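Single-structure report; data block below.
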Amino acid sequence: MTLGSNANISAREHAAREIDRIGHMLVTRWDRSLAAHLLSLVSNLERYILGEDTAQLLPECLALRDLLQQWLLQNDTVPDEAERYGALRHHLGIVSQLAMMEGRQLLPEHFSGGLMQQGPHLVYLWMPPSEEARNLSEQLSCYGFTVQTMYQASKLAQALQDATPAAVVAYTDFTPGDPIMALADTIRGLCPLLFCSPRYDFEARLQAVRAGAAGFLAWPLLAHELIDNLNFGDLGEKRDPLRVMIVEDMASLAGLYANVLNRHGVDALQVTDPARVLDGIVQFRPDLILMDMYMPECNGMELAQIIRQQRLLDGIPILFLSVEKRQSIQLDTLTLGIDGFLTKPVAPEELVVTVINRARRYRKLRSYMINDSLTGLLNHSHLYAQLEYEVLRAKRDQRALSLVMLDLDHFKTINDSYGHPAGDEVLVNLARFLKERLRRSDLISRYGGEEFAIVLPGTRQEDALRIMNAMRQAFSQIEQRSSQQTFHQTFSVGISSLASAEDTTQLVQQADDMLYQAKRLGRNRVEGYSPEHVPYSRRETEA
């Protein structure tokens, strides 16, 4: 960006703030001299933006100018309070916010996704030619990753130009002249860089930090440790971006806010119709709702109360984004469970910092409340509540839905033979595996003990059978580890769908029946419900 364009943007932002300040004085009380001053400010803003990429701003400036001119020409009448709080405040909010953001060079963008951007489970592994990576590649492939192993710096550099991976995992012993250090800046500009090393000393860790590494792993590298690094912390957030729902009746403003948040790695959903918000929340599962306070058909306060009536949605933070500056009104909204205000026009920096920090905190707190502490999956009660909603929605929309009940085979033997820590590790590995291989829209729960439940919206039973059979085979190839040895683990699956079930209770019962039929018929298999099946009790199959 040139110095001249920087100066022009600064002048434009100053004009936007002045328009907002003078305009809201006029909203509060009518004054012809203030109106004339506001008109001149709008005209000046039009001159700043001529020739710039501001396709939405110019017509909005013209609309505000026409309104002011119309009022100033009416010598005998003055606009009443309702007109000023309605039309004038509406135009002020749009013009000042567009002037603050449209056409502006945004903040430096953060890395926004790796797996969300490219092909979607690709990892580059850099290692010395003396090391064998085949076993590691095979283990990662079971979780749905593709690993490309490289031994030459030139090949890694070329691969980074061809495709952006989820991460680069680089072996290093931190000797002087290690070529991976020369590529570190390039890698970090594209995706996370993780180091694995046989060294564990402080100096090695310090060098990794100074090279901008997103993680530090032991060598030999274990597949489950790498999966953990890609799933949790900052890397996990980049792979599963924070989700923000923007409820704003002006599509132009919603697009601006979404663009700013997208540039900083946030997945933003724009909703311009308040009637679609509840379904949008269930499908999108936002970490925060950014809502305009004044919308024509349903204002923000009314919509917030509707959201808070829903038990499963009550905790989602709601931030009002509004031209409202009266403290008394803002304080009243806090009694409705609103979590805060951003006052238009909002600067991109303020929007990004406020939204990301609140959304990140809610995601963390929510995980404590609704997730199983060992596996990080939904707990039983939250899965059942969401399943009921998904069933109702699928019936309303006439869409398919399947339910999977999954149970680890002979799990008691694992605890008895290898100890409970090994059993816990198997449960965690299965949770990792399910999250990697299934869609974000699928609901995955630890149903109890070694039993898991999965809701597959939009999925017919025959497709669920195919998916779970492939997953069963892949999971059986993963090496499970105990302090004594490695071993392999299998699971059994029962599946039902809304094609045969009338309600949630019947859906669960049918899937449960089929799970225990799969175990009775030899385990390590998948059984789908059919009306001709003969149900078997748990006592028969657990004997």
Side-chain angles (χ1 to χ4, degrees), residues 14-47 49 56-102 247-254 256-257 272-275 290-306 318-336 338 340-346:
H14 175 73
R17 294 190 185 281
E18 274 298 288
I19 288 172
D20 180 67
R21 185 178 71 85
I22 299 300
H24 279 86
M25 291 171 61
L26 195 63
V27 167
T28 305
R29 64 180 180 86
W30 172 253
D31 184 290
R32 290 185 64 85
S33 62
L34 276 178
H37 182 39
L38 179 59
L39 181 59
S40 68
L41 289 173
V42 174
S43 298
N44 286 336
L45 178 59
E46 291 174 18
R47 287 195 289 272
I49 64 178
Q56 312 252 5
L57 177 54
L58 186 56
E60 294 296 343
C61 283
L62 294 175
L64 177 55
R65 178 153 60 90
D66 289 345
L67 178 67
L68 292 169
Q69 288 175 336
Q70 176 187 340
W71 285 350
L72 286 169
L73 288 172
Q74 297 173 354
N75 293 322
D76 299 330
T77 59
V78 298
D80 60 25
E81 184 176 350
E83 287 181 282
R84 300 197 310 275
Y85 269 93
L88 179 57
R89 185 166 56 181
H90 172 75
H91 286 298
L92 283 172
I94 296 172
V95 168
S96 58
Q97 189 63 82
L98 286 171
M100 187 72 73
M101 286 185 175
E102 192 179 30
V247 184
E248 165 67 70
D249 62 299
M250 291 295 298
S252 56
L253 291 184
L256 277 178
Y257 304 139
T272 56
D273 179 4
L290 187 65
M291 185 187 301
D292 186 16
M293 185 173 173
Y294 293 105
M295 294 178 286
E297 296 181 7
C298 173
N299 67 49
M301 288 183 284
E302 293 170 331
L303 184 54
Q305 290 180 78
I306 291 172
I318 299 174
L319 286 183
F320 272 163
L321 187 58
S322 175
V323 296
E324 181 59 68
K325 292 177 170 58
R326 291 171 292 180
Q327 188 181 42
S328 60
I329 301 296
Q330 293 189 5
L331 290 175
D332 284 345
T333 63
L334 296 179
T335 64
L336 303 176
I338 303 305
F341 267 85
L342 285 172
T343 305
K344 296 178 182 177
V346 60

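What you see is a predicted model; the values in this text were computed from it and never measured.
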Self-check item: Inter-residue atom distance L68.CG - R32.CZ, 0.5 Å rounding
Solution: 11.5 Å
Self-check item: Straight-line distance of T343 OG1 to M293 CE, nearest 0.5 Å
Solution: 10.0 Å
Quiz item: Does the side chain of L88 come within less than 4.5 Å of E83's, by heavy atoms?
Solution: no
Quiz item: Of all heavy-atom pairs between A35 and L72, which one has the smallest distance, and what is that distance?
Solution: CB-CD2, 3.8 Å
Quiz item: Taking the side chain as C-beta and beyond, is there a heavy-atom pair between L321 and L253 under 4.5 Å?
Solution: no
Quiz item: Taking C-beta and beyond as the side chain, do M250 and E60 meet within less than 4.5 Å on heavy atoms?
Solution: yes
Practice problem: Determine whether V247 and L290 make a side-chain contact, defined as any pair of heavy atoms from C-beta on separated by less than 4.5 Å. | Solution: no
Practice problem: To the nearest 0.5 angstrom, please state how far the CG atom of L41 sits from the CD atom of E46. | Solution: 11.5 Å
Self-check item: Heavy-atom closest pair, residues A63 and H91
Solution: CB-CE1, 3.8 Å
Quiz prompt | Donor-acceptor under 3.5 Å (Q74 side chain, W71 main chain) | solution = no
Quiz item: Going by heavy atoms in the side chains, are I22 and M25 under 4.5 Å from each other?
Solution: yes
Quiz item: Between L256 and Q97, which heavy-atom pair has the shortest distance, and what is it?
Solution: CD1-O, 4.4 Å
Quiz item: Can you tell if the side chain of L38 reaches within under 4.5 Å of the side chain of L92, non-hydrogen atoms only?
Solution: yes
Practice problem: Considering non-hydrogen atoms only, spot the tightest contact between P345 and D20 and give its length. | Solution: CD-CG, 3.3 Å
Quiz prompt | CG on L45 to OG on S40, rounded to 0.5 Å | solution = 11.5 Å
Practice problem: Report yes if the side chains of L64 and L39 come closer than 4.5 Å at any heavy-atom pair, otherwise no. | Solution: no
Quiz item: How many angstroms lie between CG in L342 and CE in M291, if you round to the nearest 0.5 Å?
Solution: 13.0 Å
Exercise. Over all heavy atoms of both residues, which pair between A254 and E248 is shortest? Give the atoms and the distance, please.
Key: N-CG, 3.7 Å
Quiz item: Do R29 and L34 touch side chain to side chain, with heavy atoms closer than 4.5 Å?
Solution: yes
Practice problem: Of all the heavy-atom pairs spanning R65 and S43, show the shortest one and how long it is. | Solution: CD-OG, 3.7 Å
